[in-house]
Amino acid sequence: MHFVSRVRQRLDDTELQRNLQRTRGRNAAARLASLASLDDFDAVRERATEIRASVLRDLDVWLERFEAEATRRGATVLWARDGDEACRLVIDIARRHDVKTVVKAKSMVSEEAGLNAALEAAGIRPVETDLGEYILQINDNEPPSHIIMPVIHKSKEQVSELFARVHGTAAKTDIVELTREAREKLRPEFLGAEMGISGGNFLIAETGSVAIVTNEGNGRMCTTMPRVHVALTGIEKVIPTLDDLATLLRILPRSATGQAISNYVSLLTGPKHEGDADGPEHMYFVLVDGGRADLIGGDFEPMLRCIRCGACMNHCPVYQTIGGHSYGWVYPGPMGSVLTPLYQGLEKAKDLPQAATLCNQCGVVCPVSIPLPDLMRKLREKQVDAGLRPWSERLSMRLWAWVAQRPKLYARGVRFAVRYLRWLADGRDRIQAMGVAPGWTAERDFPAPAAQSFRDQYAARQRRAGR
Amino acid sequence: MSSARDDILGRLRQRIGREPAGAPAAHARVEQVIAASQAGPRPSYDGDLAARFIERAKALISTVDECAAPADVPARCAHWLIGQGLGRQVVVSPALAGLDWATSGLDVRIGAAGGDDPVGVTGCFRAIAETGTLMLCSGAQSPAVNSLLPQTHIAVVPREHIVADMEAAFAVARDAFERWPRALNFVSGPSRTADIEQTIVLGAHGPYRVHLLIVG
Amino acid sequence: MIKPPPGSRGEVGLFVTCLVDLMRPSIAFAALKLIEAAGYTPVVPDTQTCCGQPGHNAGDARSARALAQKLIAEFERFPCIVAPSGSCAGMIRAHYPHLFDDDEGWRARAEALAAKTFELTQFLADVAGVTEVPGDFVGAVTYHDSCAGLRELGVKRQPRALLDRMPGVEQRPLNECEECCGFGGLFSVKYPDISGAIAQRKCDNIRASGAGTVALGDLGCMMNIEGRLRRNGDEGTQVIHIAELLAGRLDPD
Ligand code: SF4
């Protein structure tokens, strides 16, 4: 379905609109409140930005360093050029270890790769264990609408109805009871699954570890209980040291949910040691490119600094109006409007870079200072270069610039425009339907201009004053 | 066909403009960055770290108790559990096996928690004042499951193990471990979720309660 | 260069902006009055047209550069450039230099211009340090922070401080005053549904503020907000440019 029709549907969906409005502003307020407990937020942000940027400048070498360290500590590091290859690698691992059931902690890369469908096709049962992701999975594999709050678009009544239908239990509307019901459904899965798949918030080159940040504890479960752990991450996730991890952890949960720290941060290094009471016997990393390497060294490299906090969408007026599903792929909001065309192809997401007011709320809150509106402008440039914008728009831009470089002609154009608009207004102070910009008058009135432009009034005034 | 690894790294090198001859210098630079690693900007605290830790831990909905000496731990645990109506059955990490659990009146098993254990007792490698967070290391003496599977987690926190921040805890860990533990778990209060209507519910998958017993 | 008249604090180049020129000249006259009242001599280069922002935001970098070069050449002789618009001043300050990332000469000129370009209230409060404003408005006013002024230039305290100087004005807080109004230039025409829904929230907040008047610093946002209010049948809420409010009555001349 086309973006514009998807949006129309979402705007008309009163239930969705109610759900969006319920949380709108709340995450922003929580973030702001939590920044107070950092003495100097800007300094932390600057440092976080530099950490991420410095890795990207030498990404090849940092990855090699990470790989060597992780391998030395007993993990197996595998590489995947794209999502399909990542799925094949994960399925191979599962088959090698005779895996029937996989418990999954939230991983956006696995969403990129379409891993669940691939596992199912291979006869392996994936179980999403993040509460939000679980809700989506049992709702016929609905996609998430937010990168850290996947079911932000749903009400408790909708969850209740879903649980009653799928679990065959009595409907509950109490959120505590709903959460408990999911806990009870998932507990046996954690204890029984042979393999756990997690994403990775950061890969630490110093120790060859992956850091996993969760609140629910499902990340810990998936990486502690099963025999095999696979961490599936993008290649851009490396950071140099544990000190850098500490810095980034000051800013990630605050930006995401307004917490000073998430409930669980697990730093996982290799498989279980001899004598250890618990932990997986095998640990794998699958490092996925999926379009990332091509961004290095170009205009869009800053996008790879992203730490997937979701602050940009929490502050985006467009996201808050149309919801995450309108964006059409895994990543919604401003970061999605940049990533989707880059990873999926410019022509597959023509609207996303355009459907933004460039208000720069996202750029201001991004904890790693990604200039998201500038990147959207760059994408618009690429669209123009690739001939993906309508000829009428390109022509009118050129024409506008051509005339605006010729002041005398421009002045005549302004005079004409004044007369034209006043003719449309037909003696009133406003225009209610305008053929040249029907989009404007579909939603609001357009004012009638003053009888004379500033330049003409001013010139007359100067003449009268004898200047 | 070249491997995915060579392909990805090759494209990165090409985009970065790395000449083969430039690689050793880059490797040296990377090692240098790691060797010279330093803490970033971090909040500073005046006053008592333990007080700060306790205050932050309570803000995370952990409960806190204090006792004077390690020998008091079993009795304090029993007192709290019984007071809360949480029963007497506990599984205790081997690291704490040396304490006198026999006289506490608790039904104690030393070892790793299973899915049905109601209460897990653990030690704690370090505790972090900045956020009220526990830092737990997995190992033969300290099973990770004890702080994960039971509905109630009691952590014994030696007062001298309370450090200012994560950087300080990492500095200790770098010195302490010959082999880095499989899992370093930072635990900040009971498990929680806010996935449904952004309403916070405790006990999503992990413990419903985290009780901290500060010793010393 | 013509010397400013004796007693003047210096010349100020006024960039009127294309939208004000076409739609609402009173904003530019108000700006002239305020600059004069602050003791400066405003000069209006008569060849000025557009800062190039439409092309810049539409991915037409070539057009944006051409118009930027024209504006730089017209205005670089002034010690100070003022625009009654956060978004046009922001274009010059935050974006012009990057248009010339691969042209050192122009980049230097763009940077020099950027450093001395100000949004009107920024100029009045921070550069001129005015403590008196001529406006005599009486009533409750709420203020909407337009995006570019706020986030590209840091205009936040200045308009409010200037309104504080008007004894008749009672300032009312505006819930979500830093949220975008949904204008976004051509966005408002390309995605009217989304734009309209965002504008609706802004209008609801303005009405909830209880002030009968909303002031702001960008004509684009004004037209969007006013147009939405009127379309909804709100004929009462006044939408006014901060320059008009601060300047008060303009000479009929
Ligand atoms: S782009 Fe920035 S704000 Fe958005 S998710 Fe990534 S890190 Fe967070």
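Chain letters run A, B, ... following the sequence lines, proteins first, then strands; residues in each count from 1. Quick note: numbers below take in every heavy atom, side chains included, and nothing from hydrogens, waters or symmetry partners.
Using a 4.5 Å cut-off between heavy atoms, L134(B) makes no contact with chain A at all. Looking at E31(B), the atoms closer than 4.5 Å to chain A (heavy atoms on both sides) all sit in the side chain, from C-beta outward. Contact of V159(A) with chain B is made through the side chain alone, with heavy-atom distances under 4.5 Å.
Side-chain contact annotation: Y208(B) with R180(A), donor-acceptor N/O pair under 3.5 Å present. Between the side chains of N185(B) and S266(A), a donor-acceptor pair is found at a separation under 3.5 Å. Side-chain contact, R220(A) with S191(B): no donor N or O sits under 3.5 Å from an acceptor N or O.
Per-residue counts of heavy-atom pairs under 4.5 Å with chain A were compared for P207(B), P190(B), G111(B); the largest is that of P190(B). Your options are V210(B), D165(B), L148(B), and the one with the most heavy-atom pairs under 4.5 Å with chain A is L148(B). With chain A as partner, the option from A144(B), S44(B), A169(B) having the largest number of non-hydrogen pairs under 4.5 angstrom is A144(B).
The contact list for residues 40-48 of chain A toward chain B, using heavy atoms and a distance under 4.5 Å, reads A43(A), V44(A), R47(A) by residue number. Residues from residues 112-130 of chain B that place a non-hydrogen atom less than 4.5 Å from a non-hydrogen atom of chain A comprise A112(B), G115(B), E130(B), given in numerical order.
Between R174(B) and E206(A) there is a salt bridge, with a side-chain nitrogen of the basic residue lying less than 4.0 Å from a carboxylate oxygen of the acidic one. The pair R250(A)-E167(B) meets the salt-bridge criterion, with a side-chain N (NZ, NE, NH1 or NH2) lying under 4.0 Å from an Asp/Glu carboxylate O. Electrostatic pairing of R192(B) and E216(A) does not count as a salt bridge here, judged by no charged N lying under 4.0 Å from a carboxylate O. One finds no salt bridge joining R15(B) and E301(A) here, because no Lys/Arg side-chain nitrogen approaches an Asp/Glu carboxylate oxygen to under 4.0 Å.
Distance alone, capped at 3.5 Å, places no donor-acceptor pair between the D60(A) side chain and the G10(B) backbone. For the pair R5(B) (side chain) and A80(A) (backbone), a donor-acceptor distance under 3.5 Å is absent. Put simply, the side chain of R179(B) never gets that close to the backbone of H273(A): no donor and acceptor are under 3.5 Å apart. D278(A) places a side-chain N or O within 3.5 Å of a backbone atom of V145(B) that can act as its donor or acceptor partner. A side-chain donor-acceptor contact under 3.5 Å links D195(B) to the backbone of G132(A).
The NE2 atom of H205(B) sits 9.0 Å away from the OG1 atom of T179(A) when rounded to the nearest 0.5 Å. Annotation: the span from L249(A) atom CG to T131(B) atom OG1 amounts to 9.5 Å, rounded to 0.5 Å.
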